[in-house]
Amino acid sequence: MSHLPVRIRRAIEITPAAGARERIIDLTTLGRRTGRSRRNEIFFYRAAGATYLCSGANGTATDWHANLLANPDFTFHLKNGIRADLPARATPVTDPAERQAVLAEIVADLNQPHDPGTIRPTRLEDWADSRLMRISFRHRP
């Protein structure tokens with residue numbers, strides 16, 4: 001991320017106390033079946049020094065995850081506060097140790113009392129099957 005402008009990097013490297021609004025982005029990827037552009041709203045998280053997309057508790061199947069598996073290059077749209085369209089690439093996180101560390105950090109962050117009453121306490125075991133993608137930001141061509 002060092003190639004990104006400082007103000008954009010700061011918007012992505014949010015603190016653990018960031019509220020839900022600051023974590024919402026849009027992503028544009030190609031639909032796996034149609035090949036057409038699809039735009040989805042999703043939460044992103046910073047954990048273990050990297051940026052991740054995560055399906056959340058209970059690990060239900062998601063279109064965004066299936067689309068990124070088929071077409072990992074996408075556009076990461078910052079839309080709250082700083083606005084930017086960033087070329088990015090998604091990589092599924094399959095290593096059990098990395099998954100455990102990242103999900104533990106996400107759950108601990110969500111359990112912070114930064115916005116009491118908006119998110120019920122969450123348990124790590126509820127997130128074990130979450131779809132998890134690590135994001136790398138590419139230089140613009």
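In this structure, L78 and I25 have side chains that are in contact, with non-hydrogen atoms separated by less than 4.5 Å. Between R89 and F74 there is no side-chain heavy-atom pair separated by less than 4.5 Å. At least one side-chain heavy atom of S37 sits less than 4.5 Å from a side-chain heavy atom of L30. Put simply, the side chain of W64 does not reach to within 4.5 Å of the side chain of T29, judged on heavy atoms. Side-chain atoms of F76 and I12, non-hydrogen and from C-beta on, do get closer than 4.5 Å to each other.
Between C54 atom SG and R131 atom CZ the span is 10.5 Å, to the nearest 0.5 Å. One distance of note links CD1 of I8 with CD of E13; it measures 12.0 Å at 0.5 Å rounding. Between the CZ atom of R138 and the OG1 atom of T75 there is a distance of 7.5 Å, given to the nearest 0.5 Å. Atom CG of N40 is separated from atom CG of N67 by 7.0 Å, given to the nearest 0.5 angstrom. Distance check, rounded to the nearest 0.5 Å: CG of L103 to CD of E125 gives 12.0 Å.
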Exercise for review: Output, in order, the C-alpha distance, side-chain angles, deciding distance and verdict of side chain to side chain contact (heavy atoms under 4.5 Å, CB included) for V93 and V102.
Suggested key: CA-CA 10 Å; V93 179; V102 169; 5.7 Å; no
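There is a path of hydrophobic side-chain contacts, each under 4.5 Å, that joins Y45 to I24.
Side-chain atoms of R99 come within 3.5 Å of backbone N or O of A128 as a donor-acceptor pair. For the pair S130 (side chain) and L132 (backbone), a donor-acceptor distance under 3.5 Å is absent.
D26 approaches K79 most closely through the heavy-atom pair OD1-NZ, 2.9 Å. Taking every heavy atom of both residues into account, A88 and I135 meet most closely at CB-CG2, 3.8 Å. Considering all non-hydrogen atoms of both residues, A104 and L124 come closest at N-CD1, 3.6 Å.
The pair R46-E105 does not count as a salt bridge, with every side-chain nitrogen at least 4.0 angstrom from each carboxylate oxygen.
Within 6.0 Å of CZ in R10 there are 12 or fewer heavy atoms belonging to other residues, nucleotides or ligands.
In the model, H77 has a side-chain atom that pairs as donor or acceptor with a side-chain atom of T28 under 3.5 Å.
If you run side chain to side chain contact (heavy atoms under 4.5 Å, CB included) between L68 and each of D63, L53, D73, only L53 comes through.
In this structure, Y52 has its ring center no closer than 6.0 Å to that of F44.
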